[in-house]
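In what follows, chains carry the letters A, B, and so on, assigned in the order in which the sequence lines appear, proteins first and then strands, with residues in each chain numbered from 1.
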Number of protein chains: 2
Amino acid sequence: MTIPLNETHDPSLRSWVASANTGSTDFPIQNLPYGVFRRAGTAEAFRVGVAIGDAILDMTAAVASGAFNQASEGAHTAAQACRAPVLNDLMDLGPTAWSALRLALSRMLREGASEQAALQTCLIPQAAVEYGVPARIGDYTDFYTSIHHATNIGKLLRPDNPLLPNYQWVPIGYHGRCSSIGVSGQAVRRPVSQVMRPGASAPVLAPSARLDYELEVGIFVGGSNALGEPIALDAAEQHVFGLCLFNDWSARDVQGWEYQPLGPFLSKNFASTVSPWVVTLEALAPYREAFNRPADHPQPLPYLDSPTLRASGAVAIELEVFLHTAAQQHKGLSEQRLSHSNFRDAYWTVSQMVAHHTVGGCNLHSGDLLGSGTQSGPAPEEAGSLMELSRGGKEPIAIAGGETRTFLEDGDTVIFRAHCQAAGTARIGFGEVRGTILPARTVA
Amino acid sequence: MTIPLNETHDPSLRSWVASANTGSTDFPIQNLPYGVFRRAGTAEAFRVGVAIGDAILDMTAAVASGAFNQASEGAHTAAQACRAPVLNDLMDLGPTAWSALRLALSRMLREGASEQAALQTCLIPQAAVEYGVPARIGDYTDFYTSIHHATNIGKLLRPDNPLLPNYQWVPIGYHGRCSSIGVSGQAVRRPVSQVMRPGASAPVLAPSARLDYELEVGIFVGGSNALGEPIALDAAEQHVFGLCLFNDWSARDVQGWEYQPLGPFLSKNFASTVSPWVVTLEALAPYREAFNRPADHPQPLPYLDSPTLRASGAVAIELEVFLHTAAQQHKGLSEQRLSHSNFRDAYWTVSQMVAHHTVGGCNLHSGDLLGSGTQSGPAPEEAGSLMELSRGGKEPIAIAGGETRTFLEDGDTVIFRAHCQAAGTARIGFGEVRGTILPARTVA
């Protein structure tokens, strides 16, 4: 499936929400991402909103305003599904309903729309809210789709044999922990766990000394497949609601000791952080690119290959990592960009992840989250983790203000941002996901 | 924590439900396990029940009958929490409430109880119902607690180095898939996935040819810990509602190709099956045994060790695997016992699993499911999987009726049963978990 461009993608569209028309906002009228929010500092129930400029359209209020009374049946139904504390009901409805709601929102938020008066009262400044995790996540799966990341990490562990034989055939993935997934702003306590120190004969219980971020794209599933019924590659994107930013925090020393033979466990399950805004696949349609495997690489097996995949399987999303240390904050220094990469460089696409995940019959549900795995690009400065940037902790990175880093220190704030831009299109952004490292608890 | 024996454990207790007094039933009045059920073939909502003999006490009906009106406040509250389609609300209440409800149920179901007339109308024959998954499972974690299984499997993969260096230090675990967990009676479609055949230069998409069961104990969490706040070893069992039987179906050929470096994925996520009845930790109190590490093994780190653990950390549960092939069923032959083992032989206990899972701050919630990992005992005939019994498929097992097996074939039904018995106690059982293999879907 390729989503065709339509009037909602027109780069000349302007909104009656003036802050949406600046050219630099992440949330112009061509974007319209979904999230859940409440007024900051209250105990209100979370509710669904749509980001527009520096504001949020409160969907519960918008429905109550009557703005959707004259909308298409699909848009009306989808808007009703937004009267909920999470996006799962909307995600359940599928791409026709998602598209109908997007068209209705685009028309209502345009300059000159008759709904302006009614909807103006349904806007809340983004600065006045706090966010929730956008969906009730039933299962979370983390993939490993960057061959550059897999090779970089492999070189540190196995210099002679960095890339395992299955990598170019299998979209490698593993199941992760749902309960510890939080939303941007999460305070992440440095985990305490078993580590085996170099040269030691026995492990110790200690705070992780190699705490890291992982720059990932999060993929929210929409709709379900029955247990035992795979989703074919070309139908896969009909089961994807949208994309977000995702930080899959990792304790490298814990992982190194625990991960054989069954994979990461405590090294990952202490926290993961999603961005508040989910950018729909339809909003990303203008930034789709060809997906090509280098000719000297194994080509995907038939269940992971199609002409549509080759024509438009990739999504060009420019990803950036920023660090803001406690010392920098204290000195009034700005955050510092550590690296950047692009999701177009992923070795496996969103549709390949979905098709592979389900080929054996595994059932996906609305709200399930897939992580793309760390997105590192081909160049060294495009590495999506400190493990890679510091060459396994051997080469400290210089930080503005006179500090260095190999891994994260207490008080560090990590921020990911992302945006898409292409010739003849609007620039749309993902907002950000940020998290701050708290000191470990005291080990008795 | 050790749960003290009390009047509910008295082996001389008899119930006014006559089938509970046979001595051979899994469900005497000393057991009182919880599950969810509805009348077979209906679309009724599932509801909570308690197994007693060959019947089920419908808890919604029992509450409505007024039987709990004179019960203790704790029992009354816990009984109200049973008016739900899953056990999560009851699991949330914690051990004091669980114990109060058990005492009330034990007294009401005893011979001579004044509630007999009211409750008699709340009984439904087990033969007339179908079961649901007992809890809404937020996260599922599979452990690997049998050193015999780890060694047996390790010998097949790494003859010179069967047990990895971390095994005796770390309760190895990994996150699994919740969506594909079903209840006893599940029909399991043979998964299709990528496999790399011996000597091949490229993988193929094919039905698994090495489909296996894994004999596991399931552990249902009750209560929650906050993210970042570990559960100490001696408090761990306060966060355990009860135990069940669990079949963690595995596709060995798929696993062998996909599992490095991040662990099992499609080889496990096509299906897992729980038994309908959850036996509470309090019911298991008479079958607790000392937990001792051999003196020449590394002793557990302090966060995984305590005098209470040493005194009573193990639970003696006799586990059995039965196979009933389609040909046996056709010929009228009975199912055949393939192996048996005992949960007392686990290298890591229930409390160690909980303490390790949370030591880095991971938060558990009511309804979370922990799998014990395949329970194999020290003797070859105590292996908990076909992979072990057939020595990696090299030594076919003879099956009554003239068949042999290395791995599971289409139409095979696998049944696990379990019971506990000790001197001076009643015999209690877990019922069974069964599942049948369906042919793979056609691969295009």
Side-chain angles (χ1 to χ4, degrees), chain A residues 138-139 141-142 144 154 157 164-166 169-170 172-180 182 189 191-194 196 202-205 208 227-230 251 254 257-267 269-271 298 301-303 356-357 359-365 368 438 441 444, chain B residues 138-139 141-142 144 154 157 164-166 169-170 172-180 182 189 191-194 196 202-205 208 227-230 251 254 257-267 269-271 298 301-303 356-357 359-365 368 438 441 444:
Chain A
D139 277 291
T141 303
D142 199 29
Y144 195 53
L157 299 176
L164 292 168
N166 55 14
W169 296 102
V170 181
I172 296 288
Y174 65 104
H175 299 291
R177 183 81 194 173
C178 297
S179 67
S180 54
R189 192 163 285 287
V192 167
S193 192
Q194 268 195 51
M196 180 68 102
V204 292
L205 188 71
S208 171
L227 184 61
E229 299 297 333
V254 178
W257 173 231
E258 76 174 3
Y259 88 103
Q260 285 185 314
L262 297 176
F265 183 38
L266 299 194
S267 54
N269 70 10
F270 58 93
L301 290 183
Y303 79 100
H356 181 70
H357 203 316
V359 73
C362 183
N363 50 340
L364 302 182
H365 292 309
D368 286 353
L438 300 182
R441 68 183 175 85
Chain B
D139 277 291
T141 303
D142 199 28
Y144 195 55
L157 299 176
L164 291 169
N166 56 14
W169 296 102
V170 181
I172 295 289
Y174 65 103
H175 298 292
R177 183 81 194 173
C178 297
S179 66
S180 53
R189 191 163 286 286
V192 166
S193 192
Q194 268 194 50
M196 179 68 103
V204 292
L205 187 71
S208 171
L227 185 60
E229 299 296 333
V254 178
W257 173 231
E258 75 173 4
Y259 88 104
Q260 287 186 311
L262 297 176
F265 184 37
L266 300 194
S267 53
N269 71 10
F270 58 94
L301 290 184
Y303 80 99
H356 181 70
H357 202 316
V359 72
C362 183
N363 50 339
L364 303 181
H365 292 310
D368 286 353
L438 299 182
R441 67 182 176 88

Ranked by heavy-atom pairs below 4.5 Å to chain B, first place among A:P264, A:S193, A:G154, A:G361 goes to A:P264
Please flag which part of B:L227 lies under 4.5 Å from any non-hydrogen atom of chain A: side chain, backbone, both or neither. side chain
If you compare all heavy atoms of A:P203 against all heavy atoms of B:L301, which two are closest, and at what distance to 0.1 Å? O-CD2, 3.6 Å
Per-residue tally against chain B (heavy atom, under 4.5 Å) across A:C178, A:P191, A:G360, A:S179 peaks at A:S179
Once rounded to the nearest 0.5 Å, what's the spacing between atom CD of B:E258 and atom CG of A:L164? 13.0 Å
So what's closer than 4.5 Å to chain B heavy atoms on A:P261: side chain, backbone, both or neither? both
Name the option with the most non-hydrogen atom pairs under 4.5 Å to chain A; the candidates are B:I172, B:V192, B:L157. B:V192
Turns out that what part of B:D368 lies under 4.5 Å from chain A's heavy atoms comes down to side chain
Parallel, tilted or perpendicular, as decided by the 30° and 60° cut-offs, for the rings of A:H357 and B:F265: perpendicular
Answer with side chain, backbone, both or neither: which region of B:S208 has an atom nearer than 4.5 Å to a non-hydrogen atom of chain A? neither
Let me confirm one number: the NE2-CG distance from B:H356 to A:L205, rounded to the nearest 0.5 Å. 9.5 Å
Is B:Y144 close to chain A through its backbone or its side chain, or both, or neither, when contacts mean heavy atoms under 4.5 Å? side chain
Worked check of side chain to side chain contact (heavy atoms under 4.5 Å, CB included) between A:D139 and B:H175: CA-CA 10 Å; A:D139 277 291; B:H175 298 292; over 6 Å; no
Mind checking whether B:Q260 and A:V170 have side chains closer than 4.5 Å, heavy atoms only? no
When every non-hydrogen atom of B:R441 is compared with those of A:G228, the smallest separation belongs to CD-O, 4.4 Å
Residue pair B:R177 / A:C362: nearest heavy atoms and the distance that separates them: NE-SG, 3.4 Å
When the 4.5 angstrom heavy-atom criterion is applied to B:A202 and chain A, the contacting part is both
Identify which of B:G173, B:S180, B:G138 forms the greatest number of heavy-atom pairs closer than 4.5 Å to chain A. B:G173
Measure the shortest side-chain to side-chain distance between A:P165 and B:M196 over non-hydrogen atoms and say whether it is less than 4.5 angstrom. no
Heavy-atom distances under 4.5 Å only: say whether A:F270 touches chain B with side chain, backbone, both or neither. both
Only pairs of heavy atoms separated by less than 4.5 Å count here; which of A:T141, A:V204, A:N166 has the most with chain B? A:N166
Counting only non-hydrogen atoms closer than 4.5 Å, does B:L364 touch chain A with its backbone (N, CA, C, O), its side chain (CB onward), both, or neither? both
